[in-house]
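Data block below; observations after.
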Amino acid sequence: MRKEKKIVEFPNLKQRLLEKAMQTMKEKKFSEALELFEQARENEYAYAEVELGMVVCYMELGQLTEARNRCKKMLREDIGDYFHVLQIYITILIQLKEYDEVKTTIEAILEEDKLPAQYAQNFYQLLEFARKMLPSEENESMEPDHNDQEDELFLLHEGNVQKQYELIQSLKHRNIRPLIPEIEKYLKDELKHPVLKTFLVHLLIEQGWDKETEVCKMGQRTIIVPSNLKSGEEDPFLNKIISILEDTVESDNPSLFEGLKEMLVRIHTVQFPLPFTPDKPEVWAAGLHHAGVELFGLEASDEELAAQYDVSTLEVKSVTREINKLEDFSYLRL
């Protein structure tokens with residue numbers, strides 16, 4: 001009697017299929033990549049990454065309506081990183097010249113309770129662009145209520161978080177030197193939002209301010225020379241953390257790895273220009289992994305993570321508390 005042959009699935013076949021799709025997309029072979037993503041989708045592997053990959057392929061192939069509809073479905077069903085998907089969705093809407101939808105979507109997001117600081121600046125700029133592209137009556141809301149410096153200073157120091165944020169964004173294309181004394185006063189005020197202070201420091205960097213400037217945030221005080229500061233992308237400490245996470249997390253759980261990178265960007269936005277303490281990238285990588293495990297409902301004990309990153313459990317617990325605190329500040333309530 002012949003025995004039925006069992007179908008044996010090759011180990012990591014689904015993961016290799018996704019990796020091949022991603023690599024093919026990087027090589028700009030979008031039609032081929034789309035077929036590979038379709039196969040991965042049928043295998044029900046890494047659903048969020050597959051859906052997003054298909055959206056990108058449709059965009060690159062010029063099938064913008066299909067890309068928009070899939071993106072909208074991802075947002076509606078909360079698939080993937082919501083704000084990352086939202087950025088792509090808005091980009092597609094702009095390519096389709098659907099400016100009213102861009103305006104409506106972003107205004108709705110700004111009215112919600114939490115907006116990650118790393119996206120706030122870009123969303124506001126996109127909103128401003130969309131309003132400018134709409135008929136003139138739609139643009140009236142973009143005219144500032146106050147033009148003189150006294151009113152600006154009042155908004156900077158006394159306005160709510162949204163008014164402060166809007167004013168800081170309006171300074172991007174102006175000479176801020178006349179306002180330097182007020183900016184310095186803001187940066188010293190412990191009651192002001194740490195993320196808005198980060199935006200102001202970036203303004204000083206962009207405009208080449210080369211004088212010593214005091215910054216107080218998160219209960220710490222530091223003296224900086226803005227023109228000497230490096231951005232997060234150039235920061236060797238942050239890049240070392242990412243490198244460690246690549247070695248420990250990326251191959252086993254690419255989605256978690258991307259989530260941890262996003263978290264690192266958020267907490268860096270809150271912390272900047274203060275250094276990360278302790279000055280041990282392994283500890284911060286372990287703390288991020290621990291915070292990510294909690295956030296995504298995964299399982300890993302303090303002892304396991306400490307051993308994996310060759311740090312102590314005490315260090316992991318301590319830096320995880322710090323990360324959670326920074327995460328709480330990383331959302332602007334506009």
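All values reported here derive from a predicted model rather than from experimental measurement.
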Query raised in the report: Between Lys103 and Asp100, is there a salt bridge with N-O shorter than 4.0 Å?
Result: no
Query raised in the report: Can you check whether Ile168 reaches Leu196 side chain to side chain, under 4.5 Å on heavy atoms?
Result: yes
Query raised in the report: How are the rings of His202 and Phe272 set relative to one another: parallel (under 30°), tilted (30 to 60°) or perpendicular (over 60°)?
Result: parallel
Report task. Answer with yes or no whether the side chains of Thr248 and Gln308 bring together a donor and an acceptor at under 3.5 Å. Result -> no
Query - Lys197 side chain vs Cys216 backbone, donor-acceptor pair below 3.5 Å - result: yes
Report summary line: Shortest non-hydrogen pair, Ile183 vs Leu204, comes out as CG2-CD1, 4.3 Å
Query raised in the report: Any side-chain heavy atom of Arg68 within less than 4.5 Å of one from Tyr58?
Result: no
Requested in this report: Would you name the heavy atoms of Glu190 and Gly219 that are closest together and state the gap between them?
Outcome: OE2-N, 3.1 Å
Query raised in the report: Which pair of non-hydrogen atoms, one from Val319 and one from Gly287, has the smallest distance, and what is that distance?
Result: CG1-CA, 3.4 Å
Query - Atom pair CD/CD1 of Glu101 and Ile94 - distance to nearest 0.5 Å - result: 12.0 Å
Query raised in the report: Taking atom types as modelled and ignoring hydrogens, do the side chains of Glu166 and Gln162 form a donor-acceptor contact shorter than 3.5 angstrom?
Result: yes
Report task. Find out whether Phe37 and Glu49 are in side-chain contact, i.e. whether some heavy atom of one side chain is under 4.5 Å from a heavy atom of the other. Result -> no
Query raised in the report: Charged N to carboxylate O below 4.0 Å: is that the case for Glu27 and Lys29?
Result: yes
Requested in this report: Tell me, yes or no, whether the heavy-atom count around Asp247 atom CG, taken from other residues, nucleotides or ligands under 6.0 Å, exceeds 12.
Outcome: yes
Query - Residues Glu327, Arg266: salt bridge by 4.0 Å N-O rule - result: yes
**Report entry** Minimum heavy-atom distance Leu61-Leu34, with the two atoms named
**Finding:** CD1-CD2, 4.1 Å
Requested in this report: Check step by step if side-chain hydrogen bond (donor to acceptor under 3.5 Å, both in side chains) holds for Tyr186 and Gln164.
Outcome: CA-CA 11 Å; Tyr186 188 101; Gln164 291 175 37; 2.5 Å; yes
**Report entry** Ion pair check, Glu158 and Lys163, cut-off under 4.0 Å
**Finding:** no
Query raised in the report: Can you tell me how far the CD atom of Glu32 sits from the CD atom of Gln23, to the nearest 0.5 Å?
Result: 11.0 Å
Requested in this report: Verify, without hydrogens or angle tests, whether Thr24 (side chain) and Lys20 (backbone) share a donor-acceptor contact under 3.5 angstrom.
Outcome: yes
Query raised in the report: Any link between Leu200 and Val225 through a network of hydrophobic side chains (Ile, Leu, Val, Met, Phe, Trp, Tyr) touching at under 4.5 Å?
Result: no
Report task. Determine, step by step, whether Ile224 and Val201 satisfy the side chain to side chain contact (heavy atoms under 4.5 Å, CB included) criterion, reporting the C-alpha distance in whole Å, the side-chain angles of both residues, the deciding distance to 0.1 Å, and the verdict. Result -> CA-CA 9 Å; Ile224 61 168; Val201 170; 4.0 Å; yes
Query raised in the report: How far apart are the C-alpha atoms of Cys71 and Asn69, what are their side-chain angles, what is the distance that settles it, and do they pass the side chain to side chain contact (heavy atoms under 4.5 Å, CB included) test?
Result: CA-CA 5 Å; Cys71 233; Asn69 293 342; over 6 Å; no
Query raised in the report: Is the closest side-chain heavy-atom distance between Val283 and Val316 below 4.5 Å?
Result: no
Query raised in the report: Is any NZ, NE, NH1 or NH2 atom of the basic residue among Glu51 and Lys73 found under 4.0 Å from an Asp or Glu carboxylate oxygen of the other?
Result: no
Query - Distance in Å, His290 NE2 paired with Leu260 CG, rounded so as to fall on 0.5 Å steps - result: 12.5 Å
Report summary line: The reported gap from SG in Cys57 to CD in Glu66 (rounded to nearest 0.5 angstrom) is 12.0 Å
Requested in this report: I would like to know whether Glu262 and His84 meet side-chain hydrogen bond (donor to acceptor under 3.5 Å, both in side chains); could you show each step before the answer?
Outcome: CA-CA 9 Å; Glu262 295 278 355; His84 180 53; 4.7 Å; no
Query raised in the report: Just by distance, with hydrogens left out, do Tyr89 and Thr105 show a side-chain donor and acceptor under 3.5 Å apart?
Result: no
Report task. Please tell me if the side chains of Leu156 and Glu182 come closer than 4.5 Å, counting only heavy atoms from C-beta onward. Result -> yes
Query raised in the report: Judged by modelled atom types alone, do Lys217 and Thr198 share a side-chain donor-acceptor pair under 3.5 Å?
Result: yes
Report task. Check whether Val265 and Ile242 end up in the same hydrophobic cluster, where Ile, Leu, Val, Met, Phe, Trp and Tyr are linked by side-chain heavy atoms less than 4.5 Å apart. Result -> no
Query raised in the report: Would you call the rings of Tyr124 and Tyr165 parallel, tilted or perpendicular if under 30° counts as parallel and over 60° as perpendicular?
Result: perpendicular
Requested in this report: Using a strict 4.0 Å threshold on nitrogen-to-oxygen distance, state whether Glu282 and Lys240 make a salt bridge.
Outcome: no
Query raised in the report: Is there a donor-acceptor contact under 3.5 Å from the side chain of Trp284 to the main chain of Pro278?
Result: yes
Query raised in the report: When rounded to the nearest 0.5 angstrom, what distance separates CD1 in Ile241 from CD1 in Ile267?
Result: 7.0 Å
Query raised in the report: Within 45° of the six-membered ring axis of Trp209 and under 6.0 Å from that ring's centre, is NZ or CZ of Lys211 located there?
Result: yes
Report summary line: In this structure, CD of Glu214 is separated from CZ of Arg221 (nearest 0.5 Å) by 4.0 Å
Report task. Determine the minimum heavy-atom distance between Val249 and Phe257, stating which atoms define it. Result -> CG1-N, 3.8 Å
Query raised in the report: Under a 4.5 Å cut-off applied to non-hydrogen side-chain atoms, are Ile223 and Thr213 in contact?
Result: no
Query raised in the report: What closest approach, in Å, do Met218 and Lys325 show between heavy atoms, and which atom pair accounts for it?
Result: CE-CE, 3.9 Å
Requested in this report: Could you tell me whether the side chain of Gln169 reaches within less than 4.5 Å of the side chain of Phe199, counting heavy atoms only?
Outcome: yes
Query raised in the report: Below 4.5 Å, heavy atoms only, C-beta onward: do Val215 and Pro273 meet side chain to side chain?
Result: yes
Requested in this report: Check for a donor-acceptor pair, side chain of Arg177 on one end and backbone N or O of Gln207 on the other, with a separation under 3.5 Å.
Outcome: yes
Requested in this report: Decide yes or no on side chain to side chain contact (heavy atoms under 4.5 Å, CB included) for Phe123 and Gln87, but give the supporting numbers first.
Outcome: CA-CA 8 Å; Phe123 281 154; Gln87 269 193 318; 3.7 Å; yes
Query - Step-by-step side chain to side chain contact (heavy atoms under 4.5 Å, CB included) determination, Leu75 to Leu86 - result: CA-CA 7 Å; Leu75 290 170; Leu86 181 62; 4.0 Å; yes
